[in-house]
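One structure below.
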Number of protein chains: 2
Amino acid sequence: MGRTSDAKEKILSAAHSLIELRGYSALGVAEICKTAGVPKGSFYYFFESKEALALAVIDEQWAVQQSDWTRILNSGAEPLQRLRQLFEETEAEQRAGQQSCGTVSGCMFGNLTLEMSNQTEAVRKHLQEIFDAQVEMVDSVITEALQRGDVTVTDTREAARSVVAQLEGQVLFAKLYNNTSQLSALWTNCLALLGARTAQASADA
Amino acid sequence: MGRTSDAKEKILSAAHSLIELRGYSALGVAEICKTAGVPKGSFYYFFESKEALALAVIDEQWAVQQSDWTRILNSGAEPLQRLRQLFEETEAEQRAGQQSCGTVSGCMFGNLTLEMSNQTEAVRKHLQEIFDAQVEMVDSVITEALQRGDVTVTDTREAARSVVAQLEGQVLFAKLYNNTSQLSALWTNCLALLGARTAQASADA
């Protein structure tokens with residue numbers, strides 16, 4: 001049992017790294033197994049297909065990110081400061097990735113959305129659920145901020161979607177230019193998108 | 001001459017459609033030639049490699065889009081109205097694409113950024129130049145708006161990048177949910193990001 005679990009974990013971990021580096025379509029099962037150091041036969045023992053593996057990699061990545069987002073967005077800090085913390089940790093994570101592998105890898109969910117969402121409905125559905133969950137978490141924080149009078153938005157759900165869209169767009173640029181410094185605009189942009197009270201905006205600018 | 005030019009155009013056009021549908025990595029030269037209805041031998045007469053073809057497809061797409069953006073962003077309309085026009089035409093174009101092929105295909109440059117930018121430096125450089133040009137064009141309009149006192153941003157370049165990032169992020173969601181209606185948020189978000197005068201924002205909301 002110990003050894004088979006190991007093999008599954010090795011395949012998942014190799015697939016995760018390879019998908020971050022090169023996307024999904026360019027990969028073959030043989031290469032994943034070679035990188036993982038497991039015989040190709042084990043692959044199909046654990047995964048029905050390459051698509052099933054992609055779904056497992058997405059789930060694993062979301063489990064980690066969801067736990068990070070939950071910790072940050074449910075902390076005791078003031079609502080807008082929690083969003084600021086989310087942007088700062090996102091920037092730090094992208095910078096750490098760049099330092100370890102040379103290039104900014106971006107957001108795996110955004111990457112796979114643009115690469116795969118029109119190709120497999122199972123992947124599209126998974127990614128929709130993840131972005132729905134992200135928007136829901138940000139919406140809760142914006143709703144709290146609105147109740148305190150910190151922001152002036154009228155539709156908190158649409159505002160949350162715009163904040164997450166801004167995050168995805170800026171992470172796309174960070175990847176394209178291999179430069180994370182542009183991510184520092186996220187906080188100011190978030191304040192603007194939420195119509196944050198000027199006092200708060202200037203105090204924190 | 002007529003026939004060889006035809007073959008090149010057919011290859012470019014087939015590659016364009018296939019890249020929009022399925023991305024770059026999943027494609028093979030044989031499939032492109034089959035879709036184009038040209039013998040595989042002609043491919044290498046016109047293109048050194050699949051990467052060279054991708055660069056040609058990107059250039060051709062940018063030539064069309066650059067001409068649209070120039071027409072819209074240099075029109076005689078008031079600066080902010082030109083940006084509004086850009087968002088409306090983007091939404092209309094994505095909707096037309098969805099009606100013709102069933103799914104929202106998104107932005108080819110954004111798609112290829114997330115799929116390819118960490119794999120080939122030539123593609124990364126091309127895409128950087130395109131996004132630089134887009135940001136530059138939007139920057140010019142924001143600068144005009146600033147001179148008229150229509151907006152309150154301090155750094156027009158950063159503001160332009162945020163507007164383009166918001167566009168890319170929202171187009172990503174339109175593709176993921178196969179739903180262009182979310183693109184209607186672009187105008188309101190742009191006004192917020194630019195700190196547009198409230199009068200303008202409410203008059204146009």
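Values below: all heavy atoms of this structure, side chains included; hydrogens, waters and symmetry mates excluded. Letters A, B, ... are given to chains in the order of the sequence lines, protein chains preceding strands, and every chain is numbered from 1. Given the structure is predicted, the values throughout are model-derived calculations rather than measurements.
Highest contact tally toward chain B, considering only M116(A), K125(A), Q182(A), is held by Q182(A) [criterion: heavy-atom pairs under 4.5 Å]. Counting heavy-atom pairs closer than 4.5 Å to chain A, the top-ranked of the candidates S162(B), G195(B), A26(B) is S162(B). When the candidates E168(A), Q170(A), R161(A) are compared by the number of heavy-atom contacts under 4.5 Å with chain B, R161(A) comes out ahead. Annotation: maximal heavy-atom pairing with chain B below 4.5 Å, among A159(A), A165(A), C190(A), A185(A), occurs at A165(A). Annotation: maximal heavy-atom pairing with chain A below 4.5 Å, among L112(B), D132(B), L27(B), occurs at D132(B).
Remark: side-chain polar atoms of E115(B) are not paired, donor with acceptor, to backbone N or O of L114(A) under 3.5 angstrom. Listed for the R124(A) side chain is a donor-acceptor partner under 3.5 Å among the backbone atoms of K175(B).
Of all the heavy atoms in S25(B) and S25(A), the pair that sits closest is CB-CB, 3.7 Å. Closest non-hydrogen pair, L193(B) versus A192(A), comes out as CA-CB, 4.1 Å.
With a threshold of 4.5 angstrom between heavy atoms, F173(B) approaches chain A through side-chain atoms but not through N, CA, C or O. Q166(A) touches chain B through backbone and side chain together, each having a heavy atom under 4.5 Å away. Contacts between F131(A) and chain B at a heavy-atom distance below 4.5 Å involve backbone atoms as well as side-chain atoms. If you measure heavy-atom distances from D155(A) to chain B, you find no contacts under 4.5 Å at all.
For a heavy-atom cut-off of 4.5 Å, chain B lies close to T103(A), V104(A), S105(A) in residues 93-108 of chain A. Heavy-atom neighbours of chain B within the stretch residues 11-21 of chain A, taken at a separation under 4.5 angstrom, comprise L21(A).
For the atom pair OG1 of T113(A) and CG of N111(B), the computed distance is 10.0 Å after rounding to the nearest 0.5 Å. To the nearest 0.5 Å, atoms CG (L172(B)) and CZ (F109(A)) are separated by 12.5 Å.
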